[in-house]
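Below, chains carry the letters A, B, ... as their sequence lines are ordered, and counting in each starts from 1.
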There are 2 protein chains.
Amino acid sequence: MKQELERIDDEHAVEIFKALSNQTRVNIIQMLKDHDSNFSAQAHVIKDEGFEGGVCVSDIQSKTGISQSTTSQYLSILLQSGLVEMKRIGQWTYYRRNEKTIKQFEKYIGMNI
Amino acid sequence: MKQELERIDDEHAVEIFKALSNQTRVNIIQMLKDHDSNFSAQAHVIKDEGFEGGVCVSDIQSKTGISQSTTSQYLSILLQSGLVEMKRIGQWTYYRRNEKTIKQFEKYIGMNI
DNA sequence: TCGGTAATTCGCGATATCTATATTTTAATT
DNA sequence: AATTAAAATATAGATATCGCGAATTACCGA
C-alpha cells in the first residue's frame, strides 16, 4: 500500500481518482466512515487489538451486494491507493479508512485541482 | 454539460473522479488554472467577450503533447463532468475551468469521502 | 463560392476495467 | 488429519478506456 509520508503527488492523486471512479468503491469508503451505524453489534468489528474501526471483508461484502471476490479486489484497489489500511487478525482481514491519506487527498484537491 | 445548480451527488462525483482518473486530463485542469502563465501573449486567450480565462483547443493541445482529436475528446469528458465550461466564438472553442463545480466538488470530498 | 484553419466525430486496435465463478491459500476447530 | 470458514488469487467474457489517424463539420476570409 501507498505509504504517504509526505504530500500526495499528481501520480498518486490519479491513482486515488481511479480508485474512486467506481460507485461501489465509493460506497465502501462511505460505509467505513460510519462503521458504527453500519456494522454494529454482531459484526466482526474490531474494538480492541489496536485496529479500531476495522471491518472484515465478509461484513463489507454483505453490505455491498457484490460478490466476495469482487469485494476483495475492490478492497485491494482501495488499499493500493492508500485510502484504506488493513490488518489480518486470525482468519479475518480487517479494513478501515486511512484518514491520514484522505486528509492529504483533500488538501491535494484544494491546492492542485 | 452537467448543470450543478445544487450540490454534487454520488453519481456526479463518480463521473468527476472518472474525468480526473487520467494524468493528461488532470494536467489540462491544472494548466487552465494558471492560464496566464501557460497561455500568455500570443495565444488565443479571451480577454473580453465575457469569457475570461478561456483557452482554445489548439493551444491546449500544443501544451499537452497529445493529438488534437484526443485533446478534443478529453475536453468533452471534462465538460460532461462539469469541471470545465466552453464557449464557441467564431471558429474557436474556448474552454475554461468551472470554478463553481470545482468548489462544490471540494465540498463533496470534505463531506462525503 | 472556394480554400484554409479549428474542432468534432468516427473507426479502430490495444489495453484496462468490471464482475463473476472456480480454485487456492490461510487459519481456526474438532 | 480432516473439516470448515475467510480471504485472496486465477481465469474469463463483456464492456470501457486509451489515443491515434481519417473523415466530417463549422466557420472564417478572400
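- Side chain to side chain, A/Gln23 and A/Asn27 meet the donor-acceptor criterion of an N or O pair below 3.5 Å.
- A/Thr93 comes within 4.0 angstrom of the backbone, heavy atoms only, and of no base.
- A donor-acceptor contact under 3.5 angstrom links the side-chain atoms of B/Gln73 to the base of D/dC20.
- A donor-acceptor contact under 3.5 Å links the side chain of A/Ser69 to the base of C/dT21.
- For D/dA7, its base never sits under 3.5 Å from the side chain of A/Gln91 at any donor and acceptor pair.
- The aromatic rings of A/Phe105 and A/Tyr108 sit parallel to each other, their planes meeting at less than 30°, with 60° as the upper class boundary.
- No donor-acceptor contact under 3.5 angstrom links the side chains of B/Ser72 and B/Ser69, judged on distance only.
- Contact annotation: B/Arg88 does not reach the phosphate of C/dA6 (side-chain N/O to OP1 or OP2, under 4.0 Å).
- The shortest distance between the side-chain N/O atoms of B/Tyr95 and the OP1/OP2 oxygens of C/dA6 is not below 4.0 Å.
- At the phosphate of C/dT19, neither OP1 nor OP2 sits under 4.0 Å from any side-chain N or O atom of A/Ser67.
- In this structure, B/Asn22 does not reach the D/dT17 phosphate: none of its side-chain N or O atoms is under 4.0 Å from OP1 or OP2.
- For A/Tyr74, a side-chain nitrogen or oxygen approaches OP1 or OP2 of C/dT19 to under 4.0 Å.
- Close to D/dA7, at under 4.0 Å from its OP1 or OP2, lies a side-chain N or O of A/Ser58.
- Distances shorter than 4.0 Å separate some side-chain N or O of A/Ser72 from OP1 or OP2 on D/dA8.
- Nearest-nucleotide positions on DNA chain C for A/Lys18 and A/Gly65 put A/Lys18 closer to the 5' end.
- Within the structure, every side-chain polar atom (N or O) of A/Ser76 is placed at least 4.0 Å from both OP1 and OP2 of D/dA8.
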